[in-house]
**Student:** 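Pasting a structure below so you can have a look.
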Amino acid sequence: MTFSNRSCFIKRLMAGLLCTCLLLSGCGASGSAEGGKEPAAEEAPDAAAEEKAEEKEEAEELQVPEAEEEWKRAYDTQKDAALIALLDRLYAPSTALYVYKDFGLTDNHFTQKAKMGGSDLSLVKDMNENWQEDPYAGDSCIRCEQTTREGDWGGWLFLNGYLPRGESIPRLNDGSSPGQGLDLTGAEGLLFHARGEKGGETVEFFTAGFGYDGETGVRTVEYPDSCGKQSLGRITLTQEWQEYIIPLQGQDLSSIVCGFGYVLNDGMDGNSDSIFYLDEICFIGEIKSILEPPVLLRSYDTDNVYIQNAAYTYDNALAAMAFLSEGMEASARQILDAFVYAIENDRAQGRKRIRNAYSAGDISALPGWESGARLPGWYDREDGTWYEDRYQVGSNVGNTSYAALALIQYYNRFGGSQYLQAARDIMDWVLETCQDGRDGFTAGFDGWEEGDPPVVYPFSYKSIEHNIDAFAVFGALYGTTGEAKYYEAAQSAKNFILSMYSEEKGCFMTGTTEDGITPNESVTALDAQVWCAMALGDTFKDYEKALQLVDQMKTPEGGYPFCAENRNGGWWAEGTAYTALMFREREEISRYREAMDALCGIQLESGLFPAATNDHLSTGMELFDGSPWEYSTDPHIAPAAWFVMAANGFNPYLFPDIN
C-alpha cells in the first residue's frame with residue numbers, strides 16, 4: 001500500500017545577462033592650420049566625436065562587469081539551502097496531521113484524553129506522554145501501562161475536546177453538540193509505531209468510532225463520529241518498534257472526534273500487567289483541511305519548552321519578505337494569509353492587533369474551540385498544566401510594524417486589499433495604544449487583554465528599534481493611502497529616532513528608560529545603528545559616525561554581536577546577516593562578503609543558522625522575570641531569512657514604488 005505525501009520543490013529560473021561590448025572607432029580631424037585658418041582646437045567640437053563619446057558612455061552603462069555579477073551570485077547555493085529550510089517549515093504541516101509527534105508540541109491534535117473501562121478504572125494507569133527512554137523518533141514517546149483482570153477491560157481515547165468562549169480549560173466531548181470533530185477527508189490511513197516492554201502484549205488500536213458502542217456499533221450519542229471504529233484488530237507487540245497503518249480509504253472522515261485509542265481486556269492478555277509504548281501517530285494522505293491552512297513557521301529548533309512552540313511574528317514577517325525577495329509569491333502569501341487570519345480571529349475579539357507570537361504550524365482554531373487563532377505555550381512536565389508566556393501573547397510596536405512591513409511589501413507587488421487593510425488595522429492599534437503625547441511610540445504591552453479581569457503589563461519606555469520599524473511602515477502607509485495621520489506618525493517616529501543620537505558617543509541609543517524621555521545608555525545595540533542606516537535614507541548622511549561603532553563591534557571571525565558590550569563573547573547570526581545587507585546596499589562589497597562568509601561558515605546542514613555562536617550571547621538586557629536575555633546556538637529562522645534578503649539585496653524598509 002502506498003500513501004502520497006506532498007513534496008515541496010524550488011523551481012529556480014536563472015536568467016543570464018548578455019552584454020555586448022561595442023568597439024568604437026572614428027577618424028580624427030586634421031589639426032593642421034592652412035591658409036590663415038584658425039587652429040582646429042579653436043573650432044566647435046567635431047559632431048562625430050561627440051556622437052562617438054555618447055555611444056561609448058551608453059555602452060559602458062549597459063555593460064555589467066563580470067566581476068560584479070560574480071559577487072552577486074556568490075552565495076546562491078547557501079541562499080537556496082536557507083530557502084529550502086524555510087519552505088520545509090512552511091509546508092510540513094500539510095504533509096501529515098499528527099496525533100502525537102513529541103510531548104507538548106503544538107503539532108499534536110486530539111490532545112484531550114478520556115479514560116474508559118469496565119468495573120475497575122484503577123486498572124487503567126495514567127499514560128506518561130513524556131517518556132524519554134528509547135523513543136522511536138524525536139525526544140519522547142508515550143508509555144502506557146494497564147492491568148487486565150478476568151471480566152474487565154479498559155483503555156484510553158484521544159479526543160479533540162472543545163473549549164467554550166471565555167474558558168481556559170478544555171472539556172471532553174460528550175456528543176451533545178455538533179461541529180466538534182476534525183475534517184480528515186482525504187486521509188488514507190492512520191500510521192503509528194508501537195513496541196512492547198517485554199514483547200507479547202496484545203492490544204487493539206483504533207481510530208474514529210466516537211459515539212458508537214465498541215462491540216455492537218450501535219450509535220450512543222446525538223453527534224457521533226462520521227464513521228464507526230476503524231481498527232486492525234488485536235495486535236501482538238514485539239520488543240522492537242514496529243510501524244502499523246490502519247487503512248481509511250472509502251470512509252466518511254468529515255467529522256472525527258476520536259483520533260486514536262487503544263483497549264485491552266482479559267481475552268487478550270488474561271490476568272497480567274502490560275506495558276507498551278507509542279510514538280509518531282499521524283494521519284497520512286492528501287488531507288484537504290491541512291493542504292493550505294493558515295500556517296506560521298516555528299522560530300527555533302530547541303529543547304527550551306518556553307519557546308519550543310512559538311512562531312514569532314517578527315521571524316515570520318522576515319520569512320515572508322525573504323520569499324518575496326526571491327519572487328516566491330505563493331509562499332509569502334501563505335504566511336501573510338495567516339497574519340490576516342490571526343488579526344481577524346483574535347482571542348480577545350476586540351481591537352484588531354497582532355500578537356508577538358502564535359502557535360507554530362496551523363494557527364486556525366480547532367473545531368469546537370472558541371479560542372481564536374492558536375497561541376503558543378507549553379505543558380509543565382511536572383503538573384501537566386498548559387502555560388502561556390506573557391510576552392508571546394502580548395503585542396509590541398516592533399513586531400507589529402514588521403508584520404505590517406511584510407503585508408505592504410506584498411500589497412505593493414501583487415495587490416490584495418485584505419493585506420493593506422490588515423496593515424492599516426494593526427498600525428492603527430499602534431496609534432491608539434502606544435502614544436504618550438510626545439514624539440515616538442511606546443513599546444506596547446505584555447499579557448492577557450482578554451482576561452476576566454484583564455492581566456496586562458503596559459510599557460512606557462520607547463525603543464529606537466520599534467520606532468525605526470514604525471517610521472518605515474507609517475511612511476509607506478502615507479504614500480499608499482495619502483492619509484495625513486500616517487504622515488504625522490512617520491514624522492513623530494523619525495523625530496524620536498534622531499533624538500536618540502548621542503553626539504558625544506557618536507551612535508544611536510537603544511531608546512529610553514521607563515519615563516519615555518531619558519535615553520537608556522546601559523547598552524549600545526547593533527540594530528540601532530544598522531537599521532537607521534537602512535531606513536533613514538539620505539537623512540542618515542549626518543549620522544555616518546554611528547557606523548564606526550559597527551566596525552568596532554566586528555569580531556575576528558567577521559561576525560557582529562548584539563551589542564557593543566558583548567559580555568560573553570561570540571557573535572549573532574541575525575545581526576550579522578542584516579549588517580551584510582546594509583553593506584551591500586552601501587556598495588561596500590568587501591565588508592558585505594566578509595559578513596556573508598562568516599555566516600556561510602556556520603550554516604547548518606539543514607540550511608538554517610544557529611542564533612548565536614555560543615549558548616549565552618549577551619544582549620545586555622533582561623527578561624521580565626529579571627533573568628538575562630541571551631541567545632543560544634539553537635537553529636533560528638530569522639538569520640536564514642535575513643541571509644536570503646542580503647543575498648538578494650532586498651531592504652525590507654524601502655518601498656521603491658511608493659512615494
Side-chain angles (χ1 to χ4, degrees), residues 85-86 88-90 92-93 98 101-109 111 138-139 293-320 322 334-336 338-339 341-343 345-347 353-366 371-381 385-396 398-400 402-403 406 444-448 450 457 573-574 606 608-612 615 617 619 621 623-625 627 629-642:
L86 296 174
D88 284 348
R89 265 174 155 65
L90 180 62
Y98 275 89
K101 187 174 185 180
D102 256 339
F103 174 75
L105 290 185
T106 50
D107 305 72
N108 299 339
H109 296 75
T111 57
D139 297 323
V295 167
L296 293 176
L297 283 64
R298 187 180 307 278
S299 288
Y300 291 91
D301 290 337
T302 180
D303 293 329
N304 182 342
V305 296
Y306 303 111
I307 61 174
Q308 189 177 56
N309 286 319
Y312 286 100
T313 295
Y314 163 79
D315 294 343
N316 277 267
L318 291 176
Q334 188 160 355
I335 294 174
L336 301 178
F339 281 168
Y341 176 89
I343 294 164
N345 295 274
D346 190 79
R347 181 199 288 173
R353 62 182 174 107
I354 198 162
R355 308 269 182 155
N356 293 330
Y358 292 90
S359 175
D362 182 355
I363 66 167
S364 60
L366 295 166
S371 55
R374 285 186 244 176
L375 298 176
W378 68 93
Y379 278 107
D380 183 272
R381 295 183 177 182
T385 302
W386 179 260
Y387 291 96
E388 292 177 346
D389 177 82
R390 69 183 235 185
Y391 167 78
Q392 293 173 9
V393 302
S395 297
N396 76 29
N399 296 326
T400 296
Y402 253 87
F445 65 81
D446 288 354
W448 298 264
E450 66 275 15
Y457 305 89
E574 177 186 332
S606 67
L608 296 178
F609 299 84
D615 270 322
L617 185 89
T619 67
M621 303 180 190
L623 301 173
F624 66 83
D625 62 0
S627 61
W629 174 24
E630 298 175 337
Y631 281 92
S632 73
T633 56
D634 289 334
H636 185 199
I637 67 171
W642 276 114

**Student:** Once ring pair (Phe, Tyr, Trp, His ring centres under 6.0 Å) is applied, do any residues pair with Tyr306, and if so which ones, sequence neighbours excluded?
**Tutor:**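 Per chain and number, Tyr306 pairs via ring pair (Phe, Tyr, Trp, His ring centres under 6.0 Å) with Trp378.
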**Student:** Given side chains that start at C-beta, do those of Asp634 and Asp301 come closer than 4.5 Å, heavy atoms only?
**Tutor:** no
**Student:** Should the pair Tyr379 and Phe103 be assigned to parallel (<30°), tilted (30 to 60°) or perpendicular (>60°) ring geometry?
**Tutor:** tilted
**Student:** Report the distance from atom CG of Asn316 to atom CD1 of Ile637, rounding to the nearest 0.5 Å.
**Tutor:**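 Rounded to the nearest 0.5 Å, the CG-CD1 separation comes out at 5.0 Å.
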**Student:** Going by ring pair (Phe, Tyr, Trp, His ring centres under 6.0 Å), name the residues that satisfy it together with His636, two or more places apart in sequence or in a different chain.
**Tutor:** Tyr300
**Student:** Once you round to the nearest 0.5 Å, how far does CG of Leu86 lie from CD1 of Ile335?
**Tutor:**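 Output value for this atom pair is 7.5 Å.
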**Student:** Taking side-chain hydrogen bond (donor to acceptor under 3.5 Å, both in side chains) as the definition, give me every residue that meets it alongside Tyr457, ordered by chain and number, with sequence neighbours left out.
**Tutor:** none
**Student:** Could you report the tightest heavy-atom contact between Pro93 and Gly361, atom names first, then the distance?
**Tutor:**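 Of all heavy-atom pairs spanning Pro93 and Gly361, the closest is CG-CA, 4.0 Å.
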**Student:** Considering residues at least two apart in sequence or located in another chain, which fulfil the side chain to side chain contact (heavy atoms under 4.5 Å, CB included) criterion with Asp625?
**Tutor:**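 With sequence neighbours excluded, Asp625 shows a side chain to side chain contact (heavy atoms under 4.5 Å, CB included) to Leu623, Ser627, given in chain and number order.
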**Student:** Minimum heavy-atom separation for Ala85 to Ser606, with atom names?
**Tutor:** CB-O, 3.2 Å
**Student:** To the closest 0.5 Å, what do you measure between CG (Asp446) and CG (Asn396)?
**Tutor:** 8.0 Å
**Student:** Under the side chain to side chain contact (heavy atoms under 4.5 Å, CB included) rule, collect the residues that match up with Glu450, sequence neighbours excluded.
**Tutor:** Arg347, Ala348, Arg353, Arg355, Trp448
**Student:** Flag the pair Leu105 / Arg298 as yes when at least one side-chain heavy-atom distance between them is below 4.5 Å, and no otherwise.
**Tutor:** yes
**Student:** Which residues pass the salt bridge (charged side-chain N to carboxylate O under 4.0 Å, His left out) test with Asp362, not counting sequence neighbours?
**Tutor:**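 With neighbours one apart ignored, the set is Arg374.
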**Student:** How would you list, by chain and number, every residue that makes a salt bridge (charged side-chain N to carboxylate O under 4.0 Å, His left out) with Asp389, sequence neighbours excluded?
**Tutor:**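 Per chain and number, Asp389 pairs via salt bridge (charged side-chain N to carboxylate O under 4.0 Å, His left out) with no residue.
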**Student:** Could you pull out all residues at least two apart from Tyr631 that satisfy ring pair (Phe, Tyr, Trp, His ring centres under 6.0 Å)?
**Tutor:** Trp572, Trp629
**Student:** Can you list the residues that meet the ring pair (Phe, Tyr, Trp, His ring centres under 6.0 Å) rule with Tyr391, with sequence neighbours excluded?
**Tutor:**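 Tyr391: no ring pair (Phe, Tyr, Trp, His ring centres under 6.0 Å) contacts found.
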**Student:** Could you grab the distance from atom OG1 of Thr400 to atom OH of Tyr314, nearest 0.5 Å is fine?
**Tutor:**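 Spacing of OG1 (Thr400) from OH (Tyr314) equals 14.0 Å.
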**Student:** Does Asn345 have any side-chain hydrogen bond (donor to acceptor under 3.5 Å, both in side chains) partners at least two apart in sequence or in another chain, and if so, which?
**Tutor:** none
**Student:** Going by atom types alone, do Asn356 and Thr313 pair a side-chain donor with an acceptor below 3.5 Å?
**Tutor:**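 No, Thr313 and Asn356 have no side-chain donor paired with an acceptor closer than 3.5 Å.
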**Student:** Asp380: which residues meet the side-chain hydrogen bond (donor to acceptor under 3.5 Å, both in side chains) condition with it, sequence neighbours left out?
**Tutor:**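 Listed in chain order: nothing, the list is empty.
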**Student:** Sequence neighbours excluded, which residues qualify as side-chain hydrogen bond (donor to acceptor under 3.5 Å, both in side chains) partners of Tyr312?
**Tutor:**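 Expected list: Gln392.
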**Student:** Within the structure provided, determine whether Gln308 and Pro376 are in side-chain contact (heavy-atom separation under 4.5 Å).
**Tutor:** no
**Student:** So how far is it from Arg89 CZ to Leu296 CG, rounded to the nearest 0.5 Å?
**Tutor:**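 Between atom CZ of Arg89 and atom CG of Leu296 there are 12.5 Å.
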**Student:** Supply the atom-to-atom distance Leu297 CG to Leu90 CG, rounded to the nearest 0.5 angstrom.
**Tutor:** 5.5 Å
